[in-house]
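All remarks here apply to the structure that follows.
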Amino acid sequence: MGFEFNGKTYETDDDGYLINLDDWNQDVANFIAQNEGIEMTEAHWEVVNFLRDYYAEYKIAPMIKILIKEMKKMFGPEKGSNAYLYQLYPAGPALQACKIAGLPKPTGCV
Amino acid sequence: MAKTPKPEELSKIDYKLPEKGWMDTPVEFKEGMYCHGARPQYLETVDFPNPRQWSSKKDEDWKLPENWKEIVLNGMKERLEKYRSFRLFMDICVRCGACADKCQFFLGTGDPKNMPVLRAELIRSVYKRYFTASGKMLGKLAGGRELTLDVLKEWWYYFYQCSECRRCSVFCPYGIDQAEITMIGREILNLLGLNTDWIAGPVANSYMRGNHLGLEPHTIKSNFDFMAEDIEEVTGIKVEPTFNRKGAEILFVAPSGDFFGDPGTYTCMGYLMLFHELGLDYTWSTYASEGGNFGSFTSMEMGKRLNYKIYAEAKRLGVKWILGGECGHMWRVVNQYMDTWNGPADFLEVPVSPITGTRFENAKSTKMVHIAEFTADLIKHGKLKLDPSRNDHLKVTFHDSCNTARGMGILDEPRYILKNVLNHFYEMPEETIREKTFCCGSGSGLNAAENMELRLRGGFPRANAVKYVHQKYGVNMLTNICAIDRAALPTLMNYWVPGVDVAGVHELVANALVMKGEKERTQDLRLEPLPEKVGAENV
Amino acid sequence: DGIDKDNLEVSQFLPEPGALVAGKWAMVVDVRKFKTEDDYKRVINACNSIHNIPDFGEPKDEIKWIWTDTFEHAFPDEYEQKYMPASLERMPFVLMCNHCDNPPCVRVCPTKATFKRADGIVMQDEHRCIGCRFCMAACPYGSRSFNWRDPRPFIKKENPDYPTRTKGVVEKCTFCVERLAEGLMPACVEASNGAMIFGDLTDPNSEVRKALSSNYTIRRKAELGTGPNIYYIIGGTDNA
Amino acid sequence: MLEKALTGSRRYWTWVLFLLAVIGVGFIFYLRQFSYGLGITGMSRDVSWGLYIGQFTFLVGVAASAVMLVIPYYLHNYKKFSKIVILGEFLAVSAVTMCMLFIFIDMGQPTRVLNVILHPTPNSIMFWDATVLSGYLLLNIVIGWTTLGAERKGFPPPAWVKTLTFISIPWAISIHTVTAFLYAGLPGREYWLSAIMAARFLASAFAAGPALLIILAMIVRKVSKFDPGKEAIQQVGKIVAYAMAANVFFLGLEVFTAFYSNIPGEKYAFDYLYFGLQGHGKLIPLMWISGILAVVSLALLIYPGTRRIEKILAVASVAVFVSLWIDKGFGLIIGGFIPDPFGKVTEYWPTVPEALIVLGVWAIGALVLTILYKVAISVREETADVPKVTELDGIAEAELATIK
Amino acid sequence: MGALFSFVVVILLILVAYVGVAAAGLQSIFGIVIPYVAVLTFIVGVVYRVIKWGRSPVPFPIATTGGQQKSLPWIKQAKLDNPSSTTGVIGRMVLEVLLFRSLFRNTKSELRDGKLGYGSAKWLWVAAIAFHWSFWIVLLRHIRLFATPVPSFVNVLENLDGFLQIGVPRLFLTGVILLLAVTYLLLRRFYVPQVRYISLASDYFPLFLIMAIASTGILMRYFFRVDIVGVKELTMGLVSFNPVIPAGVGTIFYIHVFLVSTLFIYFPFSKLMHMGGVFLSPTRNLANNSRMVRHANPWNYPVKVHTYDEYEEEFREKMINAGIPIESTVLPEEFEEEFKEKVEDAGTPVREEE
């Protein structure tokens, strides 16, 4: 599977997650977000950027509670909640935000 | 991803059978009922055959090798010679039908090929045709059929709609175990690279990184640090788990899902708090950081390759014995395969609880103790100070995981623990618990997202029983001793029985555990206020 | 072979040539003619020896086809007569099945093991009898006996021509159907030297009819509506 | 559901084993009877029915308890019987089972029992009795089992069960009527030849059956977590009171008719049973005990103040039960045979083997009842609104062991 | 379809025997040759199959655990459903083989208004028990025909079997029960939709065949009344390897024998082998003691594994960074100081260097 964007073909898995992490850039992220029905705002980017930073270090998306806690630390208590994240990413931060951030979907007993 | 119908629609299950016979009814791949095909890199990682980019949709080219039929038949032949179970189960089924409505996937889908007898017949028909005199001569009359691509795809579709839960086996007069047939069926499919992505990924992760989520050592450490912070917030006590520590008395192995996903992390916090309170000389391992054995969803050989790490690590670290966490298939593997595969573990000692002195005779060969046995023993000897009222806001029921129930028989230990750590315990109807328990619907590698409808349907009988106690007694917490349960049941509950949460047994143990030097608790492990404290504030 | 059970019953109504037949069998017992104890014994023994009646030597187990008892017991309801001849009071009466017109025993039998023939004889099929003893409760004459135990060891001398019975079945007097079929009178009648008259009630010229029309007779418990067919000529004291 | 009877506490198994032992003894003596013949009993040519048929007669009455619950519950929608009604139905099953067994052991040729079916004889009341009894057995098994099964599944019982329940009401009346007709239709048995025989049967049945049910309900409440309901038990007590009153009244009618008419045949049996006849009177003490218990229990039951006290209700129920057991189990049958058709008195008293066989059959009945009640109680405990705390029977027992 | 086919085959078998005996006079074929062939096939076939199963390895202890495991001494083990000893296994197998314990558990599920309920469903068990036991007793009764003098247990059996004295010769209850049970088993294949759906010709055929065997047996005992003396002469001839064909034994007897022979021949090639297989089922005949006693796999072979060293090689730096002890003594220089410090922080002893 995959998608075409700006004349380039991007390979994805069956659920639309980028296969090659290097393919990612902000434009691609915007494109994926659009398909998900999300208009990327500053708040959205905060999450995506955190995810990418975390991934760079740990090779996996963070646990949701780490995400929440870190968001709280970095951007204030009003942003450190599950509700806030769901407001940004209605299909769930783990699924939707990771997809936009170009990370692979965590697979397993989670 | 397929849209999942509403519960009201999904629960209208049509058990009407097709007019035509099952051999004449070709398999139909329904969206939401099957998983993606395995990605090539996962197969490559473990040197599995036929790695390629492919789609598991029925109509697409599955990119099989030219001689796929020969591979399948040879694979069958080899396994007929290696497993008495396989040959016997192929031979002696009388099709009495007792197993038919025992399978949660049949009950939830109404698809006749999910009746265990018919699921077995999918491969038995090929066995008859190619391996028995009657089938070779009489063909369909003797129940035989040609192995075609359609048949192969049917295998793939249905062998990945079976959670290997063994419920059918309990009711079968000859003990025919569909799980065994499914496992061998999957082995054969794997000879052609026909795995699911959800299984192949965790297998590759487990192989390379020691756990199925692919958590690297520092990630594990970081997650634990994070959990330790939460524990400190709740109790004021700092737990200090060690990793890969040589010379520890005990190696603790838990399902890695507990290091990562809620509500498993609360269970993991439970372990940490319990061990800290006991002052247990134990260590975690980042190398053997997975209890669950995703290889066993693939092939016996892969199971063995992954399982290897536990004993190897125990030996390397020089521990005396191994303690295992709350996990389902991990324990089926420990109970039925580990010693045979990778034993004898003569470098370990027969497990003795350092706290109570109890010698775990039942684990004297594997040297591996289930944490429910361990904790039940502690409670029995009065070694834990428990305040069950801290769980008073919970009305709890217990879900026996298929693996621990029917592949081991650990039934009363968790119940004994629960009885001691909480005040409101309610059993689900007896046809749905203990050895007759229903699977969560997502076991044996079915816990993916793309097959959500299958999982919800397969989980329907379990959810139904939960709903019964939920409505009757107000049950709001479904406990279990399995990481797949903790991953799968929240989804299932949200869908079928909103208002019921999911927890591992040791989360509730830790909630009730009165620790030395702890501060007055106002929160449970989920950082939610304890009920009586709220009440006290209101007064 | 080829005869099923229903036909077997019918066959009993098809007389052999030379058999004694009747519209309705009946018996008149002329009590006056029984003079000595021997007269009774002869009659009873004739029956007992032919029919393989066992002698248990204990009244509890007793099998009785034909026997004697006092007037008081034979006719318990008549006994209010306190001033009857003393001789009659002590006199033994020959008792047996009354082969009733309307037999309660047949009415109550749950298996048709006891049945009434067209010629009036009440029969007992010991092979069909389940031993429920309902007939014994129903019979107001005490004419039926039950084999409380295996009778065979208690038969003094077995008559090979007549079947023995097994434990657990009811049996009774049959008016010697087997002898009638051969043209013989019932054994007791034959042995009674004329004290017992046997014949066809429907035949106005029969011996029994003659005896009945020339003597006053009584029957046991006729008021119960059973229609007993044993008539007793009692007579006066001079008969003793 | 039967598997519920295969698991239970130590107390349950002790009880079951005890019953099995009694059954075993009874069976051994039955084998003896089977090979020797019914001569092993106290029965004779003159008293040709005895304790066996007496027990049968009494138990037909016990089987009635069900209908006394079914009528209020199903016809009058008396909800308080919702829990106890199954106990009545299963008691009926057990009682009818015993009835059939008593008939069976009373047979001279038990191996020919099927002759009753193979040669159906509608003119015999015995034939009808076999029919109504088997029918009643079937009805109660099916109704009870299906209701319970549905309850366990969490579904309402199928509609046809209600139809069967309605059929079971007249059917229950029929088993008593037909059983009474066994005796009441025989010429020359004056003691039995009474128009109110069936009515007496019904009255005593509706007293003895529910009385036993009260006792059983109290036991069930004591040994399990299943409570049939205090009010239900009280209500059954009221039923027993009325039925017992009718029963004593009917007995009075018989006594009046016999003695005021002064017909000897009508009086003899009463004479024998209560005062002795021709110098015989083995049953006199028993019959007077029965009579006294009847009067005392009636007094206790009629007065609401005493009836409402559960202990007194229990005592009165036992008294009713014993009184009627003597009356039906001994007096009625033996009285019918004494004096015999010759006006003679031949006395009857059960022999030891006979008594042990009777005990064996009662034990079978008790076993059937135990099993059925075990199933019912287990299902009820499982589906109860107040659940069992935990399913840790095994552990509880093991814990007990360690304490010891 | 499968049912019709099987029915026709059984009818044809009957016709073959009828024509063969009544028209062609092949008594010796149907009375001697075929029975010998059948018995031989049966014995050889069954032994072959059982040996084949018995020789195939049981690589893993896969007992289905149907109850509480042997665990702590104060937890009551389900000794039969989760046996940990040979005694327990024997108990489990005895109950399984003689009383069909697993089938006794059978339930029937029902979906009503979105709710699942589970009801007791014991009729299959009742019919199966009735069928197998009466079949077994019928077989044992037949010993009368193959032994002189007749063993006393056969007489006892016949007395019990004919306990209810119905008809002459006495009706054997097992014959009737067998026929009724097999009829029930057949009818449920017709009328229970799920069972009908899974039924194959090979499921109907034995039922029809056994039904025909029971029917012909009953017919010749109670209705056609074959010459029993002649039958015994023939059967005794067979067992004494001195076969004779007595005159005057009715054709129905040969039909019966032919059907039985067919069953014997069919047996080893069919699902009927479950009779032998049930004893060998590894989910039932193994103790669940695999944590106590090591179960050996005869074909165990070494597999490729990912060793700790390979693992550490990949993650060494990250481990060091995270303060996780490592095995290797050769540390990247830049980590030397930091590593020691971290390990000390974690309170873990530094690995003694060898």
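In the text below, chain A, chain B and the rest are named by the order of the sequence lines, each starting its count at 1. Values below: all heavy atoms of this structure, side chains included; hydrogens, waters and symmetry mates excluded.
- Interface remark: B:Tyr468 contributes no atoms to any contact with chain E (heavy atom separation under 4.5 Å).
- With respect to B:Lys82 and B:Glu78, a salt bridge is recorded, a charged nitrogen being found less than 4.0 Å from a carboxylate O.
- For E:Lys122 and E:Phe104, the positive end sits near the middle of the six-membered ring, less than 6.0 Å away and at most 45° from its axis.
- When heavy atoms are compared at a cutoff of 4.5 Å, B:Val117 approaches chain E solely by way of its side chain, counted from C-beta outward.
- The residue among E:Asn297, E:Val278, E:Leu72 with the most heavy atom pairs within less than 4.5 Å of chain B is E:Leu72.
- Between chain E and the residues B:Leu141, B:Thr219, B:Leu17, the largest count of heavy-atom pairs under 4.5 Å involves B:Leu141.
- The residue among E:Pro298, E:Ala78, E:Gly54, E:Ala121 with the most heavy atom pairs within less than 4.5 Å of chain B is E:Gly54.
- By the 6.0 Å and 45° rule, B:Arg209 does not stack over the aromatic ring of E:Phe315.
- Residue with the most contacts toward chain E among B:Ala312, B:Pro344, B:Ser11: B:Pro344 (heavy-atom pairs, distance under 4.5 Å).
- Most heavy-atom pairs under 4.5 Å with chain B: of the set E:Gly66, E:Pro57, E:Ala201, E:Gly276, this distinction falls to E:Pro57.
- Of the charged side-chain nitrogens involved, none lies within less than 4.0 Å of a carboxylate oxygen, so that E:Arg316 and E:Glu327 do not count as a salt-bridged pair.
- What you find for E:Arg284 and E:Ser102 is that their closest heavy atoms are NH2-OG, 3.1 Å.
- With chain B as the partner, the residue from E:Gln68, E:Arg55, E:Lys271, E:Arg196 showing the most heavy-atom pairs under 4.5 Å is E:Gln68.
- Note on B:Arg124 versus B:Asp91: no salt bridge recorded, every NZ/NE/NH1/NH2 to OD/OE distance being 4.0 Å or above.
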